[in-house]
Amino acid sequence: MYANILYPTDGSESAEAAIEDVRDLAETYDATVHVLYVVDTTHAGLGSDPDQEKAPGMVGHPEGGTAGMVGDRSTAEEVQRTLERQGESIVEEAREQLGDVDATTAVRAGVPYEAILDYAETEDIDLIVMGTHGRTGLDRYLLGSVTEKVVRTADVPVVTV
Ligand code: ATP
Ligand code: MN
């Protein structure tokens with residue numbers, strides 16, 4: 001029924017709270033888990049287009065420890081590489097927590113919900129399991145904005161934890 005399960009994680013506690021369910025579902029359906037981290041390029045100064053205008057601004061998550069001013073291309077590239085490395089350790093850690101479950105990891109760059117939906121389409125994902133909240137984690141919102149957009153627009157079922 002569910003051969004490929006997508007588990008997008010931003011490394012937050014809220015995302016980590018979903019991992020038990022991810023493992024259970026994968027074991028139940030003998031599925032492969034795809035762990036995905038997206039480097040958020042909506043922050044000023046980051047982007048896949050090298051010619052895009054780089055406005056100085058804050059990058060990185062408030063708790064991510066990488067916040068800083070990005071004023072030129074080489075700094076932006078450095079910040080992006082740092083975030084990619086952080087992403088790689090986040091997805092590796094998740095893979096370890098999945099134990100014997102068949103799992104693959106990916107780090108992409110882009111607008112998080114777009115990259116998640118794009119990954120789901122190109123990798124034949126049948127189920128998405130994600131946190132209700134992420135790094136911002138504001139209780140006054142029912143769902144974080146990434147989850148809200150994925151729930152609203154994904155073609156496959158989405159389990160929010
Ligand atoms: P907001 O981002 O709207 O300020 P938030 O950070 O609390 O609020 P979301 O970002 O929607 O909430 O996070 C909800 C879930 O979405 C996370 O638990 C995680 O599963 C997924 N997610 C969020 N950001 C990313 C990301 N950059 N890469 C992969 N998955 C993500
Ligand atoms: Mn978020």
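Since we're looking at a predicted model, the values are computed, not measured. Every number for a ligand or one of its atoms is a count from 1 in the order of the listing. Computation of the quantities below employed the complete heavy-atom set of this structure, encompassing side-chain atoms and omitting hydrogens, waters and symmetry-equivalent molecules.
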Worksheet item: For atom 11 (O) of ligand 1, which candidate among Val129, Val146, Asp40 provides the closest heavy atom?
Response: Val146
Fill in: Part of Leu36 within contact of ligand 1 (heavy atoms, under 4.0 Å)
backbone
Worksheet item: Of all heavy-atom pairs between Ala109 and Thr41, which one has the smallest distance, and what is that distance?
Response: CB-CG2, 4.0 Å
Worksheet entry | Nearest heavy atoms of Pro112 and Val38, plus distance in Å | CA-CG1, 3.7 Å
Worksheet item: Any N or O of Leu138 that comes nearer than 3.5 Å to an N or O of ligand 1?
Response: no
Discussion item. Using only atom types and a distance under 3.5 Å, with no angle test, would you say the side chain of His133 pairs donor to acceptor with the backbone of Tyr141?
Written reply: yes
Practice prompt. Please confirm whether Pro112 comes within less than 3.5 Å of ligand 1 when only nitrogen or oxygen atoms on both sides are compared.
Written response: no
Discussion item. Can you name the atoms of ligand 1, numbered from 1 with element, that are less than 4.0 Å from a heavy atom of Thr147?
Written reply: 11 (O), 14 (C), 15 (C), 16 (O)
Worksheet item: If you measure every N/O of Ser12 against every N/O of ligand 1, is any gap under 3.5 Å?
Response: no
Item to complete: Could you tell me whether Ser14 and ligand 1 have an N or O pair separated by under 3.5 Å?
Response: no
Discussion item. Checking the N or O distance criterion of under 3.5 Å, is ligand 1 in contact with Gly131?
Written reply: yes
Item to complete: Of all the heavy-atom pairs spanning Leu6 and Ile116, show the shortest one and how long it is.
Response: CD2-O, 3.7 Å
Worksheet entry | Which atom of Ile5 lies closest to which atom of Ala31, heavy atoms considered | CD1-CB, 3.8 Å
Response to the item:
Closest to atom 16 (O) of ligand 1 (heavy atoms only, candidates Glu148, Arg108, Glu16, Met130) is Met130
Discussion item. To check you understand the geometry: which heavy-atom pair defines the closest contact between Thr104 and Arg95, and what is its length?
Written reply: CA-NH1, 4.3 Å
Worksheet item: Are any of the N or O atoms of Ser145 closer than 3.5 Å to those of ligand 1?
Response: yes
Worksheet item: Closest heavy-atom contact between Leu127 and Tyr2?
Response: CB-CD2, 3.8 Å
Item to complete: Check each heavy atom of Thr9 against ligand 1 and say whether those closer than 4.0 Å belong to the side chain, the backbone, both or neither.
Response: backbone
Item to complete: Give a yes or no on whether the backbone of Arg135 and the side-chain of Asp10 come within a donor-acceptor separation of less than 3.5 Å.
Response: yes
